[in-house]
There are 2 protein chains.
Amino acid sequence: MLGLSIGEVARRTGLAASTLRFYEKAGLLPSPTRVSRQRRYDAAILGRIKLVQIARSAGFTVEETRKFISGFPADTMPRVRWQALAGRKRQELDALIDSAQKMKTLLASKFDCRCRQLEDCERAFANKGC
Amino acid sequence: MLGLSIGEVARRTGLAASTLRFYEKAGLLPSPTRVSRQRRYDAAILGRIKLVQIARSAGFTVEETRKFISGFPADTMPRVRWQALAGRKRQELDALIDSAQKMKTLLASKFDCRCRQLEDCERAFANKGC
DNA sequence: CTACGTGTTAAAGTTCACTTCAAGTCAACG
DNA sequence: CGTTGACTTGAAGTGAACTTTAACACGTAG
């Protein structure tokens, strides 16, 4: 078999075929070769898609993901501009991780610690505690 | 001063006044007392809003945030249902933190490690390495 | 009194990230 | 040959989370 159909790639990645077409149009995925108009993907596409999925689930927008992917050395974005972007994004990721960890604590503590009332939680946050 | 105006709360929280009204309608914030139709907030609202902001920035939807807030002991949601919800959400947060950390590594390594080409990155992910 | 600034509402508009739809192509099966 | 199933396209639709708009209500400064 020379190439995976869009349905096969969809099955293997868990993304809908419509999403793969959408990502292709958005510049996140390369346009694959065709056999009578139909897309035929090389198995290597799965690595790229995994990358896209991780970026998306980390809160990158489609456009940010595109810049991340297209900013690789072989591509067009200048090093400096990329690094500015990456620096900003790293800070956002730190903030995200911080919020996620706080929420985990809150979910865990809600029923077995000080925060028995919503008001305790609010006060704790107002005082930067908890 | 007996109560903050919506503009003042907006200024202090960084949220738009329209967002505060939107959150109120969505059940994330209590409807405050009024002085000739205008909202007057107790300073305690700031704790609640902080809580909402953290939940939102951790990827909770507005509806999830509402459930989180309204699920507190004093309120209506049964313990068991809450705990199922919290458990599922904790797993999502773990996955989110994992993705965020992976992206941080990728952003850092892109220009100074093995992944000099997009293809290296894709291969690394395909092989679960990197 | 008028104008200004801040507030009010319901309803409509916007952006993002997809999904669904309508109408068609194509290879294979019976 | 017809039909089935997977694919194609561009365009329109969807849901979430806000924002903007239009029209109106106040208190106050000049």
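Below, each value reflects all heavy atoms present in this structure, side chains not excepted, and no hydrogens, waters or symmetry copies. Here the structure is a predicted model, which is why all the values come from computation and not from measurement. In the text below, chain A, chain B and the rest are named by the order of the sequence lines, each starting its count at 1.
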Participant: Can you tell me how far the CG atom of Leu51(A) sits from the CG atom of Leu106(B), to the nearest 0.5 Å?
Facilitator: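 It is 6.0 Å, given to the nearest 0.5 Å.
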Participant: Specify the separation, in whole Å, of atom NZ of Lys25(A) and atom P of dT8(D).
Facilitator: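 Computing the Lys25(A):NZ to dT8(D):P distance gives 13 Å.
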Participant: What integer distance in Å separates Arg11(B):CZ from dG5(C):P?
Facilitator: 18 Å
Participant: Please determine whether side chain to side chain contact (heavy atoms under 4.5 Å, CB included) holds for the pair Arg40(A) and Ile6(A), giving the CA-CA distance in whole Å, both sets of side-chain angles, and the decisive distance to 0.1 Å.
Facilitator: CA-CA 7 Å; Arg40(A) 283 307 130 95; Ile6(A) 198 169; over 6 Å; no
Participant: Please report the C-alpha distance between Glu92(B) and Lys89(B) in whole Å, then the side-chain angles of each, then the deciding distance to 0.1 Å, and finally whether the salt bridge (charged side-chain N to carboxylate O under 4.0 Å, His left out) criterion is met.
Facilitator: CA-CA 5 Å; Glu92(B) 283 180 33; Lys89(B) 209 58 202 167; 2.6 Å; yes
Participant: Using 30° and 60° as the class limits, which term best fits the ring planes of Phe68(B) and Trp82(B): parallel, tilted or perpendicular?
Facilitator: tilted
Participant: Could you tell me the separation between the NZ atom of Lys104(B) and the CG atom of Asp94(A), rounded to the nearest 0.5 Å?
Facilitator: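 That separation rounds to 3.5 Å.
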Participant: The helix from dC1(C)-dG30(D) to dG30(C)-dC1(D): angle between its terminal axes, five pairs each, to 10°?
Facilitator: 30°
Participant: So how far is it from Thr19(B) OG1 to Leu28(B) CG, rounded to the nearest 0.5 Å?
Facilitator: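 So the gap between those two atoms works out to 11.5 Å.
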Participant: Using a heavy-atom cut-off of under 4.0 Å over every strand shown, decide if Ala16(B) touches base, sugar-phosphate, or nothing.
Facilitator: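 Answer is sugar-phosphate: Ala16(B) comes under 4.0 Å of backbone atoms only.
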Participant: Could you measure the distance from the CE atom of Met103(B) to the OG1 atom of Thr105(B)? Nearest 0.5 Å is fine.
Facilitator: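 Nearest 0.5 Å value for the CE-OG1 distance: 9.5 Å.
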Participant: If we ignore hydrogens and angles and just use 3.5 Å, is the side chain of Ser99(A) paired with the main-chain N or O of Leu96(A) as donor and acceptor?
Facilitator: no
Participant: Protein-nucleotides 16-18 of chain C N/O pairs closer than 3.5 Å?
Facilitator:
from	atom 1	to	atom 2	distance (Å)
dA17(C)	OP1	Val62(A)	N	3.3
dC18(C)	OP2	Tyr23(A)	OH	2.8
dC18(C)	OP2	Arg56(A)	NE	3.0
dC18(C)	OP2	Arg56(A)	NH2	3.0

Participant: In whole angstroms, how far is the C1' atom of dT6(C) from the CZ atom of Arg40(B)?
Facilitator: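 Roughly 9 Å, once rounded to whole Å.
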Participant: Can you check whether Arg66(B) has a side-chain N or O nearer than 4.0 Å to OP1 or OP2 of dA17(D)?
Facilitator: no
Participant: Quick check on dT9(C): is either OP1 or OP2 less than 4.0 Å from any side-chain nitrogen or oxygen of Arg34(B)?
Facilitator: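 Yes.
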Participant: Tell me, with the steps shown, if Glu8(A) and Arg12(A) meet side chain to side chain contact (heavy atoms under 4.5 Å, CB included).
Facilitator: CA-CA 6 Å; Glu8(A) 188 60 20; Arg12(A) 293 207 198 177; 3.2 Å; yes
Participant: Separation of Glu24(B) atom CD from dC18(D) atom C1', in whole Å?
Facilitator: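 In whole Å, dC18(D) C1' lies 15 Å from Glu24(B) CD.
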Participant: Could you state the CZ-C1' distance from Arg21(B) to dA17(D), rounded to the nearest angstrom?
Facilitator: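 That distance rounds to 16 Å.
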Participant: Under the side chain to side chain contact (heavy atoms under 4.5 Å, CB included) rule, what do Phe60(B) and Val52(B) come out as? Steps first, then yes or no, please.
Facilitator: CA-CA 9 Å; Phe60(B) 278 48; Val52(B) 169; over 6 Å; no
Participant: What do the steps show when you test Leu93(A) against Leu107(B) for side chain to side chain contact (heavy atoms under 4.5 Å, CB included), and what is the final call?
Facilitator: CA-CA 10 Å; Leu93(A) 286 170; Leu107(B) 287 175; 3.9 Å; yes
Participant: Kindly give the atom pairs (protein nitrogen or oxygen, nucleotide nitrogen or oxygen) under 3.5 Å for nucleotides 21-28 of chain C.
Facilitator:
none

Participant: Which part of the nucleic acid, if any, lies within contact of Ala17(B), taking any heavy atom under 4.0 Å across all strands shown: a base, the sugar-phosphate backbone alone, or nothing?
Facilitator: nothing
